[in-house]
Amino acid sequence: MSDALPCLVQVAVSTPAHSAVGDLLSYACAAPLAPGTLVRVPLGAREVLGVVWDAPAEPPPLPAGMAPRPVAGVLEGIAPLDAAWRRLVAFTARYYQRALGEVALAALPPQLRELTPEQLARRMRRPAAGAAAQASASATESVALSAEQESAAAEIEANPGPFLLFGSTGSGKTEVYMHCVARALAASPAAQALVMVPEINLTPQLEARFRARFAPLYGEAAVVSLHSGMTNPQRLKSWLAAHQGAARIVLGTRMAVFASLPGLALVVVDEEHDASYKQQEGARYSARDLAVWRAREQGAKVILGSATPSLESWHASSPEVDRYQRLAMPARIGAGELPRLRLVDMGQQPRGTAFSPPLLAAITERVERGEQCLVLLNRRGFAPVLHCHDCGWKSDCPHCSAHQVFHKIDRTLRCHHCGYAQRVPRACPACGNPDIAPVGRGTEQLEEQLAALLRNVITPERRAARVARMDADTTRAKGALEEQLAQVHAGEVDVLVGTQMVAKGHDFRRITLVAAVQPDGALFSSDFRAPERLFALLMQAAGRAGRDAQYVAAQASPPEMWLQTWHPDHAVYAALRRHDYPAFAQQQLAERREAGMPPFAHQALVRADARSQEAAHAFLQAAADAARAAQLPGLEQVFIFPPVPLAVQRVADVERAQMLLESPVRGALQRFLAAWQPLLHAERARHRALVRWLVDVDPQAI
């Protein structure tokens, strides 16, 4: 075999997580293959997709008596992935403690793994849609910027960055992004821009705006999207367009950070504070952090934008750190005012009230004037739990340490952790009592109650008020999200009830009142990031009101944010009342500095899933003991906390525990984690009751 195939190549393939198989495998081929070439290679009894990688200085020796297997085929229709992309993948694998092949293959479109070289060749012969055109710089200056927008855009053009664009909700951050994209594309015919949003539901309106602006200049094929809601053929088409340079603008969620963009000149991370940028399975990367790393490494500019920046980014843009350049845009476009906050003390309201009388009166008044309202409750379903008052039975999930949520619309009990569902019992399964009742509220119940409360309210069009709900349940079907958003924008919905998915990024022009009915739960969470997330969610939600200054002026009704709370004097709400994010951030950062928490320390979690809590704890404790016994590099600067169960201990009949690691020095933590990997593998082999383990670097939920 070696006589017929004289060349050896190192190939990254996706191997099982935490397997003993190395990062790169050696294969034989007839002629040298450039690094980045996509190939199909045998792996065990299967044939899989692989990426030819840069050959190490000293290739690993093959076991005695074993010859390298030949490359099965080359995907010749696709140009090799460039060195910048390979460096991004290698850094991600190294920093987040995952296998190189796992990250590389997960970053590629799923359909590439299925196509043979012949099938790909046929696909590549299909004519490309849309012809690209080159626009002049002057042709892109189609929208006049405000003074604040102009100042921010000029700073971005004149300086290297990275930039933190701190703009209030409605200040026109998207227009600044588009202006900067236009400048970047006009500067070079090969330039490309990556624009990221945290959630899929934000891509339709963003794509519509970018397509309307740039398709006339560069062609319909110049703007593409990349997110997990697309079909596999759609994702492959968008990825190929970006890889070949035909797509000048890529819009996407966190997965888009790995798009192959040879001409990358600008990266935008909108709503950069959002926790959705952190991957929660597989390689647990932060797309925001990788975007900053990638832009710096490729010589591109990066803009992080938010009305409520993450405390990490805010700290990085402070004068004492000065790693990011902070650009402020405090004013709303059109001189519109930010919503004033109205706090309702629920201790003074009738017991069991979902909508306090003052809030219901305010919603009624707005609807009667033809305005729209948004009601926020970050809990879907009808009720969090069913309960029997006779014997105390609750609708617990048989597979998780969590309740099954009552969904009235289809009379089911569903676990939102493992997906287990069953019909609602006619009587209590424990004692036979037919009177089992829902406890607590979800968006489904709020929608039903609000529709009943507003049934006699008439709009200026002489029709009854219409209430709609938008959450993960109502937007599951293909096209449902776009249809619901279109109804809201067209004025066909008077009151929109929804979870956090409606609270951020959407440009609802006729909403003048936003209400958060049960926000207090996050005030007393064990997660130190809970206050930051609550403040961001409420401030983002408030920002949906009064975005169209002319419409608000015509209605003569200032926008409002209503907040029903049992703790009206809480510091989070006091800062929210003043719309004072800087003061809130300063107070939170002072607390974190004193407690030695991020961004003043660096963390990693090791999680163990096992058949019992005892087995999970035993693995984690043994791993910690092995690290101390081996005196691993960096250990003297890493504090290892004792193992503890997760908040939801059991999911899908698997018990879960975690162990927190913390260090004031990022490099020390990284050295320790890298040296710890072999010991973790060895402990895994000794603990047979362990199902899986993982390392989460820079965790966002503890």
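Position 1 is the first residue of the sequence; numbering continues from there.
Residues in residues 298-309 take part in no salt bridge (charged side-chain N to carboxylate O under 4.0 Å, His left out) pair, two or more places apart or across chains. The stretch residues 267-292 participates, sequence neighbours left out, in these ring pair (Phe, Tyr, Trp, His ring centres under 6.0 Å) pairs: F258-Y285. Listed by first and then second residue, the salt bridge (charged side-chain N to carboxylate O under 4.0 Å, His left out) pairs involving residues 480-499 are R463-D494 (not counting sequence neighbours). For residues 468-504, the ring pair (Phe, Tyr, Trp, His ring centres under 6.0 Å) pairs, not counting sequence neighbours, are H489-F508.
Taking the six-membered ring where the residue is Trp, Y581 and F166 present tilted rings, their angle falling between 30° and 60°.
With sequence neighbours excluded, the residues forming a salt bridge (charged side-chain N to carboxylate O under 4.0 Å, His left out) with E157 are R183, listed by chain and number. Residues that satisfy the side-chain hydrogen bond (donor to acceptor under 3.5 Å, both in side chains) test with Q500, not counting sequence neighbours, are absent from this structure. When the salt bridge (charged side-chain N to carboxylate O under 4.0 Å, His left out) test is applied to E560, the partners found at least two apart in sequence or on another chain are R340, R342, R366. Contacts of R209 classified as side-chain contact (heavy atoms from CB on, under 4.5 Å), with partners at least two apart in sequence or in another chain: T174, E175, M178. Scanning for side-chain hydrogen bond (donor to acceptor under 3.5 Å, both in side chains) contacts around R284 gives an empty result, with sequence neighbours left out. Listed by chain and number, the residues in a ring pair (Phe, Tyr, Trp, His ring centres under 6.0 Å) with H407 are H416 (sequence neighbours excluded). Partners of D270 under the salt bridge (charged side-chain N to carboxylate O under 4.0 Å, His left out) rule, at least two apart in sequence or in another chain, do not exist in this structure. Under the rule for a side-chain hydrogen bond (donor to acceptor under 3.5 Å, both in side chains), S228 has no partner lying at least two apart in sequence or in another chain.
Side-chain N/O atoms of S313 and E272 include a donor and acceptor closer than 3.5 Å.
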